[in-house]
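Heads up, the thing below is written out as structure tokens.
Because only heavy atoms are used, hydrogens play no part in the values below, and waters and symmetry mates are left out as well, while side chains stay in. Please read these numbers as outputs of a predicted model, since none were measured by experiment.
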Amino acid sequence: SEDMRARARIYETEAKLAFARDNRFAIVEAPETASRDPIGAGRTLRTRYVMRTRLTETAGNILADVHLFDTASGISLSAASAPLDGGQIKFARELYRTVYPEIILHRAKTLAATQPDSIPALLWNAEAARIKTRVGTADPSEFALFEAVLKREPNQLHALLGLSNSLIL
């Protein structure tokens, strides 16, 4: 329906803003002429990850089915459903909280296998350690990974911020 398309545009805008706030992501919007295949579209647009959302309307409620794909390997990393009943800001936050950890954990796994001692791999793995513990005492490997980066680059901003967040929490 037209109402559903209008709501979808509002929710889409808010979701893009949620991801745009994180400087580790670049948002690439697929043109209307892009392939319906998320992997093919992502490869054409030279993006690593593609998120496809489909909306369905049931008994007065709209449900978003969200799928995250890795275009390099061609696999689906996650799938989740969320109702659009809490407003666009709540939806965008939940979407980010669902998708972001999946990307971090996948990126850490990929870099650990291909470039285990690189600074990006250490940073991604430190973030993955933080995500795995979520609440409570930080994983000691998180500290060690941030410190390893700082030994090589003492002014590395992401490592400084990550270590400070770990110590404060």
Any heavy-atom pair between the side chains of [Y] and [X] that's under 4.5 Å?
X: Y11; Y: K16; result: no
X: L123; Y: Q156; result: yes
X: R48; Y: H106; result: yes
X: L111; Y: N125; result: no
X: D65; Y: T53; result: no
X: V50; Y: R43; result: no
X: L122; Y: D117; result: no
X: L163; Y: F143; result: yes

**Message:** Could you see if I75 belongs to whatever hydrophobic cluster contains Y100? Use Ile, Leu, Val, Met, Phe, Trp, Tyr and a side-chain cutoff under 4.5 Å.
**Reply:**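 Same cluster: I75 reaches Y100 through Ile, Leu, Val, Met, Phe, Trp or Tyr contacts under 4.5 Å.
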**Message:** According to a hydrophobic-cluster definition based on side-chain heavy atoms being under 4.5 Å apart (Ile, Leu, Val, Met, Phe, Trp, Tyr only), do L77 and I39 belong together?
**Reply:**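 No, because L77 and I39 fall into different hydrophobic clusters, even though each may have its own neighbours under 4.5 Å.
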With rounding to the nearest 0.5 Å, note down the distance linking [atom1] in [X] to [atom2] in [Y].
X: S141; Y: F146; atom1: OG; atom2: CZ; value: 10.0 Å
X: D70; Y: I103; atom1: CG; atom2: CD1; value: 10.0 Å
X: S81; Y: H67; atom1: OG; atom2: NE2; value: 7.0 Å
X: E127; Y: R107; atom1: CD; atom2: CZ; value: 14.0 Å
X: I10; Y: Q88; atom1: CD1; atom2: CD; value: 6.0 Å

**Asked** Could you go step by step and tell me if T110 and W124 meet the side chain to side chain contact (heavy atoms under 4.5 Å, CB included) rule?
**Response** CA-CA 10 Å; T110 302; W124 284 100; over 6 Å; no
If every non-hydrogen atom of [X] is compared with every non-hydrogen atom of [Y], which pair is closest and at what distance?
X: P38; Y: F69; answer: CG-CE1, 3.5 Å
X: A126; Y: L145; answer: N-CD1, 3.4 Å
X: A64; Y: L55; answer: CB-CD2, 3.6 Å
X: Y49; Y: T71; answer: N-OG1, 4.5 Å
X: A128; Y: A108; answer: CB-CB, 3.7 Å

**Item:** Derivation of the side chain to side chain contact (heavy atoms under 4.5 Å, CB included) call for R52 and V66
**Value:** CA-CA 6 Å; R52 180 182 67 196; V66 181; over 6 Å; no
**Asked** Does K109 NZ have over 12 foreign heavy atoms under 6.0 Å away?
**Response**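 No, the 6.0 Å shell around NZ holds no more than 12 heavy atoms from other groups.
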**Asked** Is the number of heavy atoms from other residues, nucleotides or ligands within 6.0 Å of CZ (R54) greater than 12?
**Response**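 Open: at most 12 neighbouring heavy atoms sit under 6.0 Å from CZ of R54.
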**Message:** Closer than 4.0 angstrom, basic N to acidic O: yes or no for E94 and K90?
**Reply:**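 Salt bridge between E94 and K90, a charged N being under 4.0 Å from a carboxylate O: no.
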